[in-house]
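These numbers come from the heavy atoms of this one structure, side chains and all, not from hydrogens, waters or symmetry mates. Residue numbering restarts at 1 for every chain, and letters A, B, ... go by the order of the sequence lines.
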Amino acid sequence: MRTSQFSIHTLKEAPADAEVVSHRLMVRAGMIRRIATGIYAWMPLGLRTLRKVENIVREEMNSAGAIELLMPAVQPAELWQESGRWEQYGAELLRFADRHEREFCFGPTHEEVITDLARREIRSYKQLPVNYYQIQTKFRDEIRPRFGIMRAREFLMKDAYSFHVSEDCLGKTYQNMFDTYVRIFERTGLEFCAVAADSGNIGGNLSHEFHVLAEYGEDAIAFSSESDYAANVEMVGVTETGLVRAEASRKMQKVATPEKHSIGEVSQHLNIDASRCLKTLLVNGAEENSVVALVLRGDHTLNAIKATKTGAVAAPLTMASEAAIRQAAGCAAGSVGPVGLRVRVLADPGAAAMADFVCGANEDDYHFTGVNWGRDLPEPEVVDIRCVMDGDPSPDGHGTLSVARGIEVGHIFQLGNKYATAMKAEVLDENGKVITMTMGCYGIGISRVVAAAIEQNHDDRGIIWPAGIAPFQVALTPVNMYKSVRLREAADRLYEELQSAGYDVLYDDRKARPGVIFADMELIGIPYRIIISDRLLDSGTLEYKDRRNIDKTEIVPMEEISEFLRARIEA
RNA sequence: CGGGGCAUGGCGCAGCUUGGUAGCGCAUCUGCUUUGGGAGCAGAGGGUCGAGGGUUCAAAUCCCUCUGCCCCGACCA
């Protein structure tokens with residue numbers, strides 16, 4: 001491709017609202033343009049990378065035996081009512097009515113549609129197992145879209161759904177998909193890891209997430225120091241060791257803590273460690289208009305997923321309103337404590353093992369010190385509701401955990417028969433008996449992979465594409481080509497040559513100064529660059545630069561360039 | 001959803017306090033010069049200052065309403 005016939009429109013400055021690296025660079029490089037909040041247009045350059053990712057996914061899915069189809073983005077409400085999700089899904093589901101006032105939604109996912117198709121198409125066990133997939137635009141009306149393409153409302157996703165006669169059979173496809181995902185992410189050239197994820201349903205359902213490790217990841221992943229255990233912190237059980245409650249040794253006292261609301265402020269004010277303070281979070285309970293107290297050690301963090309799984313709190317977990325807090329505790333949030341609190345109290349084991357602790361006094365600007373369970377207040381219900389931290393023991397018994405950030409780019413899931421039962425997706429088995437199909441689903445955020453790749457691969461000059469997903473492999477950058485006919489002819493010839501040798505070349509034939517060309521090619525991140533100039537022509541050589549190691553220049557004889565590139569690309 | 005902020009040419013911003021009819025940098029276009037790391041000079045085009053209403057002789061500027069966008073929070077307890 002010649003830049004003169006392509007659309008290269010780079011910016012020196014990024015829009016003020018772009019905060020993360022991938023967003024800034026995608027806008028500056030001219031890959032995307034924002035159309036509305038969380039909604040972006042893919043410009044020609046960005047689309048090339050998006051398509052490369054898409055093609056890798058498609059090739060690997062095909063060779064794994066999955067079958068591509070394309071389902072509608074607009075889906076009728078009836079299917080969602082049948083599965084029960086029309087009510088459950090909440091505000092993230094974009095709903096609208098057509099001219100006849102029939103209700104529809106823009107699909108955030110396609111379990112309902114695929115299950116509807118499967119129940120109509122699949123009649124016999126002989127047709128199973130089958131794994132359908134599509135690559136298609138999804139819409140999720142996120143509360144707070146941000147980070148550009150990373151958390152957009154409209155995004156491109158590969159979603160696959162498999163159908164089986166048995167859990168056993170599902171297990172095989174699941175493993176096949178796991179292996180396929182590993183191959184896909186290896187081909188993208190990204191550093192990733194597969195982690196055990198929240199399994200949600202009962203029945204031993206399995207789920208794994210694939211994360212690209214990056215500083216700005218929105219998920220926290222816990223790794224074991226001594227085994228290959230890795231899991232989303234949401235689901236890591238805390239293995240408490242050596243938790244023995246000390247004897248009460250102090251009397252409970254009320255102390256003034258004016259204007260001290262956070263654990264940090266209170267512990268500093270009283271000059272004690274945060275781990276000696278108790279934090280009491282009032283959240284909305286599962287019963288309508290009820291409030292539940294979640295109690296944690298001051299230095300611990302609530303795990304909303306675990307708390308939700310206790311069944312005691314409203315799902316998804318939400319904090320009680322200011323008014324509800326005042327009604328339940330008689331004070332503002334900053335002074336709430338479990339002593340004398342007349343709501344259900346769930347305490348994390350770490351909090352339940354504390355003695356002589358500090359907690360809110362349920363009176364504005366007062367806390368208690370020297371508080372003890374069983375003496376000053378009833379023993380609490382004890383349940384694991386905190387997030388693991390660096391240094392916690394690994395649940396598999398090997399080593400300790402450390403926590404890193406990841407961007408979730410893939411998620412595979414054993415669904416079981418949740419949708420198949422709700423929507424009566426049944427087949428006849430080999431005995432002529434009606435059975436409900438078992439399902440799996442497998443997603444990859446295609447557009448998010450592009451953003452994640454940039455988060456993981458950039459420097460202060462711009463993007464550094466992994467070769468497998470670069471918009472172009474090779475940048476051909478002539479120096480002052482319009483001053484020299486012979487240079488122009490040589491560059492044109494070289495371009496033809498590289499193209500017929502099968503390289504994906506971006507030939508920068510713009511009438512621009514070399515600095516502009518170099519800066520642009522670096523910003524848009526083309527991994528391999530060849531420089532041709534009049535001066536080099538005299539010695540019959542070219543210069544080669546690797547985007548990853550931009551300060552190093554190699555001189556290559558012109559006739560060897562194709563071989564040279566081949567070696568670099570295959571390395 | 002709660003709180004805060006912003007809205008001025010394609011992008012980044014100034015002007016608003018103290019009303020007087022819009023400006024800078026980048027980008028774009030033309031010409032000349034320049035040419036191995038985002039050039040220089042000269043010139044040009046492009047903005048109903050988010051929308052609506054009000055105050056005033058006069059509103060980007062002051063007041064009200066609305067809309068859009070961004071950030072923070074939803075873990076002060």
| All salt bridge (Lys or Arg N to Asp or Glu O under 4.0 Å) counterparts of A:Arg386, not counting sequence neighbours | A:Glu240, A:Asp348, A:Asp392

| query | Which residues pass the salt bridge (Lys or Arg N to Asp or Glu O under 4.0 Å) test with A:Glu92, sequence neighbours left out? | reply | none

Nearest-Å distance once atom [atom1] is located in both [N] and [M]:
{"N": "B:G23", "M": "B:G43", "atom1": "P", "value": "15 Å"}
{"N": "B:C1", "M": "B:G45", "atom1": "P", "value": "46 Å"}
{"N": "B:G12", "M": "B:G47", "atom1": "C1'", "value": "16 Å"}
{"N": "B:G10", "M": "B:U48", "atom1": "P", "value": "9 Å"}
{"N": "B:G46", "M": "B:U8", "atom1": "C1'", "value": "14 Å"}
{"N": "B:A74", "M": "B:G68", "atom1": "P", "value": "25 Å"}

For [N], what is the paired nucleotide under Watson-Crick or G-U wobble rules, both distances under 3.5 Å?
{"N": "B:G23", "result": "B:C13"}
{"N": "B:C6", "result": "B:G68"}
{"N": "B:C41", "result": "B:G31"}
{"N": "B:G73", "result": "B:C1"}

Under the side chain to side chain donor-acceptor pair (under 3.5 Å) rule, collect the residues that match up with [X], sequence neighbours excluded.
{"X": "A:Asp365", "result": "none"}
{"X": "A:Asp546", "result": "none"}
{"X": "A:Thr400", "result": "none"}

| Under 3.5 Å side-chain donor-acceptor pair for A:Arg548 and A:Asn457 | yes

| message | With a 4.0 Å cutoff (strictly under), does any side-chain N or O of A:Thr37 reach OP1 or OP2 of B:C69? | response |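 Looking at the OP1 and OP2 atoms of B:C69, one of them is under 4.0 Å from a side-chain N or O of A:Thr37.
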
| said: Given the structure, check if the side chain of A:Arg529 and the base of B:G37 hold any donor-acceptor pair shorter than 3.5 Å. | reply: yes

| message | Per the side chain to side chain donor-acceptor pair (under 3.5 Å) rule, what does the pair list look like for residues 28-40 of chain A, sequence neighbours excluded? | response | A:His23-A:Tyr40

| Stretch residues 325-354 of chain A: residues that reach within less than 4.0 Å of RNA chain B through a heavy atom |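 Here the set is A:Ile325, A:Ala333, A:Gly334, A:Val336.
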
Gap between atoms [atom1] and [atom2], on [X] and [N] respectively (whole Å):
{"X": "A:His300", "N": "B:A77", "atom1": "NE2", "atom2": "P", "result": "14 Å"}
{"X": "A:Ile530", "N": "B:G36", "atom1": "CD1", "atom2": "P", "result": "21 Å"}
{"X": "A:Lys511", "N": "B:U28", "atom1": "NZ", "atom2": "P", "result": "15 Å"}
{"X": "A:Arg28", "N": "B:A27", "atom1": "CZ", "atom2": "P", "result": "13 Å"}
{"X": "A:Asp538", "N": "B:G36", "atom1": "CG", "atom2": "C1'", "result": "14 Å"}

| task | Take A:Asp508 and A:Thr477 through the side-chain hydrogen bond (donor to acceptor under 3.5 Å, both in side chains) test and state the conclusion after the steps. | result | CA-CA 5 Å; A:Asp508 201 338; A:Thr477 53; over 6 Å; no

| Which residue lies more 5' along RNA chain B, comparing A:Glu265 with A:Gly515 via nearest heavy atoms |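 Comparing both residues, the 5'-ward one is A:Gly515.
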
| query | Relative to the 5' end of RNA chain B, which residue comes earlier, A:Ala320 or A:Ala36, by the nucleotide with the nearest heavy atom? | reply |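 Nearer the 5' end of the strand: A:Ala36.
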
Please enumerate all protein N or O atoms sitting under 3.5 Å from an N or O of nucleotides 30-34 of chain B, with distances to 0.1 Å.
{"residue": "B:U34", "atom": "O2", "partner": "A:Arg513", "partner atom": "NH1", "Å": "2.8"}

Please list each protein N or O that sits under 3.5 Å from an N or O in nucleotides 10-14 of chain B, with the distance.
{"residue": "B:C11", "atom": "O2'", "partner": "A:Glu13", "partner atom": "O", "Å": "3.4"}
{"residue": "B:G12", "atom": "OP1", "partner": "A:Ala16", "partner atom": "N", "Å": "2.9"}
{"residue": "B:G12", "atom": "O2'", "partner": "A:Glu13", "partner atom": "OE2", "Å": "3.0"}

| request: Apply side chain to side chain contact (heavy atoms under 4.5 Å, CB included) to A:Pro395 and list each qualifying residue two or more places apart in sequence or on a separate chain. | output: A:Tyr229, A:Val236, A:Thr239, A:Leu401

| query | Which residues pass the side chain to side chain contact (heavy atoms under 4.5 Å, CB included) test with A:Met558, sequence neighbours left out? | reply |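 Testing A:Met558 for side chain to side chain contact (heavy atoms under 4.5 Å, CB included), a comparison that skips the adjacent residues, returns A:Ile532, A:Leu537, A:Leu542.
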
| request: Name the orientation class of the two ring planes belonging to A:Tyr507 and A:Tyr495 (parallel below 30°, tilted from 30 to 60°, perpendicular beyond 60°). | output: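 Answer is tilted, since the angle falls between 30° and 60°.
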
| field | By ring pair (Phe, Tyr, Trp, His ring centres under 6.0 Å) - contacts of A:Trp80 (at least two apart) | value | A:Tyr89

| message | Under 6.0 Å between ring centres: does that hold for A:Phe472 and A:Trp465? | response | no

